[in-house]
2 protein chains.
Amino acid sequence: MKHLEHKKQFLCLSMKKYKSQENLPSEPTKSELEILQVLWEHGPSTVRFVNDKLNEQKREVNYMSTQKLMLIMLDKGFVTKDASQMTHVYEAAVDESKTKGYMLDKVVDNLFNGSASSLMMQLLGNKKISPEEMEEFKELIKKIDEKP
Amino acid sequence: MKHLEHKKQFLCLSMKKYKSQENLPSEPTKSELEILQVLWEHGPSTVRFVNDKLNEQKREVNYMSTQKLMLIMLDKGFVTKDASQMTHVYEAAVDESKTKGYMLDKVVDNLFNGSASSLMMQLLGNKKISPEEMEEFKELIKKIDEKP
DNA sequence: CTCAAGATAAGAAATTTTTCTTATTTTATT
DNA sequence: AATAAAATAAGAAAAATTTCTTATCTTGAG
């Protein structure tokens, strides 16, 4: 779906009952995150498209559930919406890297007591790490190490 | 699910409303995880002790909330309880490393599309990583690399 | 012994998150 | 023009999680 490289007059609706973006980073719930992933990966999309992706890649989700959730996310400010056409087009309004970074920090804090290296340990001790990924790790470290 | 193999040597109450251990891996909720952390770090503890730790280290939590939650966790099989004394002593019934590993896997899957190296990238790109931790990383990689 | 302090269990209540239902509107087709 | 298909918004309902309330029991100090 070469969907939707058009119109950019997004309106940002009121933040009634949800914490504002700037102040409190009220993080996306599990389901909201699934939706964000689709939007991040595929760019601006319709509810139909997102719902299809979820059903393909994740789990069975009812169309109306997805639709409702995306409206809520609009309200929370996680997405914006282009309503110039009949089928509205949603776009992620939060940065992928920032959001993931933030949530990863939470994991580090909550699960590993703030220690990123503990997380690393756990990750490296994990059987699921392939030799290829191991190589990637080393490359990464090397690259970052040479930088400064 | 494997991370939930637990022993029921103490009294284990009926599993009325919670998914049975073997079938569904109902993972600990956020609050439950906080409690598990305390138990993992300090070993078998009373509700009072756990609650105090939470209030010191995490956030304000009511004693009865902690108590109730620990009962629920008992029911779910996340903890066991020694009730031989008046003040009961709870112990984590799920393995720390296994549980964290399992939950980290979830993060890798949900947030980074199954790619552990993506997670690494995100982590290393994070400003919060100290030079010391960077050193630890390198050590880790080296160590694991020499192993096989 | 009596009673206060502090522990327990269990259910109710409140919040948060997710899913379902309903009523309308728009578009396209016959 | 009539109707079917597909979209929307909004509220209700259901589920999951967290917190609060109540009633009871045990221990130990006075």
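Convention: sequence-line order gives letters A, B, ...; per-chain numbering from 1.
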Nearest-Å distance for atom pair CG/P, residues L71(A) and dA10(D): 7 Å
Send over the distance from F49(B) CZ to dA7(C) P, rounded to a whole Å. 14 Å
Protein-nucleotide distance (Q85(B), atom CD; dT8(C), atom C1'), rounded to Å: 14 Å
Among residues at least two apart in sequence or on other chains, which ones pass side-chain hydrogen bond (donor to acceptor under 3.5 Å, both in side chains) with S118(B)? S115(B)
M70(A) has an atom CE; how far is it from atom P of dT17(C), in whole Å? 18 Å
K100(B) NZ to W40(B) CH2 distance, which is reported to the nearest 0.5 Å: 6.0 Å
N/O-N/O pairs, protein side and nucleotides 19-25 of chain D side, under 3.5 Å:
from, atom 1, to, atom 2, distance (Å)
dT19(D), OP1, R59(B), NH1, 3.4

For N113(B), is the CG atom crowded, meaning more than 12 foreign heavy atoms sit under 6.0 Å from it? no
Check the side chains of S84(A) and D82(A) for a donor-acceptor pair under 3.5 angstrom, ignoring hydrogens and angles. yes
Atom CG of L54(B) to atom C1' of dT18(D): distance rounded to whole Å? 13 Å
Heavy-atom count check: over 12 atoms from other residues, nucleotides or ligands less than 6.0 Å from Q85(B) CD? no
Give a yes/no on whether any side-chain N or O of Q67(B) is located under 4.0 angstrom from OP1 or OP2 of dA9(C). yes
For the pair made of CG in L33(B) and C1' in dT18(D), what is the distance, rounded to whole Å? 15 Å
Tell me whether the OP1 or OP2 atom of dA6(D) has a side-chain N or O from R48(A) closer than 4.0 Å. no
For M103(A), is the CE atom crowded, meaning more than 12 foreign heavy atoms sit under 6.0 Å from it? yes
Taking only N and O in the side chain of Y63(A), is any of them less than 4.0 Å away from OP1 or OP2 of dT19(C)? no
Whole-Å distance, L74(B) CG to dT8(C) P, equals 12 Å
Please state whether the phosphate of dT18(C), meaning OP1 or OP2, lies under 4.0 angstrom from any side-chain nitrogen or oxygen of T29(A). yes
What is the distance from CE of M73(A) to P of dT17(C), rounded to the nearest Å? 13 Å
Result of checking V108(A), L124(A), L111(A) against L119(A) for side chain to side chain contact (heavy atoms under 4.5 Å, CB included): V108(A)
